[in-house]
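Counting starts at 1 for both ligands and their atoms, following the listed order. For clarity, every value in this text was computed on a predicted model and none was experimentally measured. No hydrogens, no waters, no symmetry mates; every other heavy atom, side chains included, goes into these values.
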Amino acid sequence: MPENFENSLSFAQQQDKNDPLRHFRNEFHIPVIDNQQVIYYTGNSLGLQPKRTRSYIEKEMKDWEMFGVEGHFNPKKENIWYHYHEYGKQALASVLGAKPIEVVPMNNLTVNLHLLMVSFYRPTKQRYKLIVEAGAFPSDQYVFETQLKWHANHWDQQLFDPEEALIELSPREGENTLRTEDILKAIEDNGDDLALVLLGGVQYYTGQLFDMQAITKTTHQVGALAGFDLAHAAGNIDLKLHDWDVDFATWCSYKYLNSGPGNVSGVFVNERFANKPDLIRFAGWWGHDEGERFKMEKGFKPMQGADGWQLSNGNIIATAAHLASLSIFEETNMEALRSKSKLLTGYLEFLIKEINKEEEIFEIITPQHHKERGCQLSLFTLKYGKDLFDQLVKRGVVGDWREPDVIRLAPVPLYNTFEEQFRFSEILRDSIKTLKA
Ligand SMILES: *Cc1c(COP(=O)(O)O)cnc(C)c1O
């Protein structure tokens, strides 16, 4: 990485001038407070609204107005609703490093975690253990806890002890993030009993990017399956799910994928499982063989690939917003976004370290190396704590505060600029000054 960053406005502005992706910022609505555009650091929580989203939604509103139910099939309608879940496949496949048959948008993230565990967490007497991160996102923790209970308890019998089955990986004493070697060792140590490894792609709290390829490889070597929750990785990391041979994954579209609050999730199911109709799953009519869907007959025959996990017909209005956002990703690619992202996050890190030289205020708990992180930096505040965060908010910085004492900042390559990083560092200095006074 270029370590020739400079702590100056002119340097930041020059970086923006050199940025081949700079035109994308204009594709987004940047929130304004007190007549000033905020510095938006929460694309890891809710990505900004693309300007084109409104017209995508309005188009479906208009078609619904004009066609009514005919919107599902009428050839006069562009993008008939019947096939609506297919339109984003190519773009999603590029974002995730997958084949189109391996991905489909559907449901919401937590729902999909459950559905995928139904198929891919199949504990046996011998293999029943589940490896996860300690301190996973709460929703994921509730999924793990209740899936284990559901599998463990049958009639009046307890088949295994759910608490013993759950292996939660914690960083070493005094460390903030997991070492890959320790993850791999845990997989090997539990090899004979292990059913599934289910980790985040990027840890939501620390911003740590896991080595999904190595984890998957070791997991397969011991005879278990590997899945990932990509909530903080999709649209952030240049993923290669197919090449890494990941078994399954799910994500949400409202974080780095900018598709709007609570919008549709998606699933990846490895091509290896594409033609396994007997693979256990919870089914619905939209997963049923498309040619026969309207025969309304008994007997579930799944679609090939990820499509065979769909339950319901798609939420068209919401998916329109998803397609709008994906069309922006189609104008670039994850490699280009990642190279800017590394510079942008690297620059923010550099500026924070400059401030730390003056007075040690932060411990950056996110790994230093780009191989182990995406956009996000998590800053543990050694001083000033929440007061400092509140000062930043007052000055138009939208970040997020997590107990205890962590500020998460995620500069996003599609819409954040180098100049913003510089402005942020000036705001930080000013905030500290105020707190000292
Ligand atoms: C954002 C996030 C969720 C949110 O789940 P929803 O079902 O979309 O509400 C779940 N897990 C992780 C890891 C997340 O980052």
Next item on the list: Mind running side chain to side chain contact (heavy atoms under 4.5 Å, CB included) on I183 and L199 for me, showing each step along the way?
Entry: CA-CA 10 Å; I183 300 175; L199 298 174; 4.2 Å; yes

Margin query: For the NZ atom on K149, are there more than 12 heavy atoms of other groups (residues, nucleotides or ligands in this structure) within a distance under 6.0 Å?
Written below: no

Notebook entry, point to check: Can you tell which of W401, F424, F389 makes a ring-ring contact (aromatic ring centres under 6.0 Å, His included) with Y41?
Noted result: F424

Notebook entry, point to check: So which protein residues pack against ligand 1 under 4.0 Å, heavy atoms counted?
Noted result: L109, T110, F137, D140, D229, A231, H232, Y254, K255

Notebook entry, point to check: If we only count heavy atoms from C-beta on, is the N416 to Q421 side-chain gap below 4.5 Å?
Noted result: yes

Side-chain atoms of residues 222-239: list all donor-acceptor pairs with protein atoms under 3.5 Å, sequence neighbours left out, distances to 0.1 Å.
from, atom 1, to, atom 2, distance (Å)
D229, OD1, A231, N, 2.9
N236, OD1, C375, N, 3.0
N236, ND2, H232, O, 2.9
D238, OD1, R338, NE, 3.4

Checklist line | Stepwise salt bridge (Lys or Arg N to Asp or Glu O under 4.0 Å) test for E58 and K62 | finding: CA-CA 6 Å; E58 274 171 0; K62 188 80 200 158; over 6 Å; no

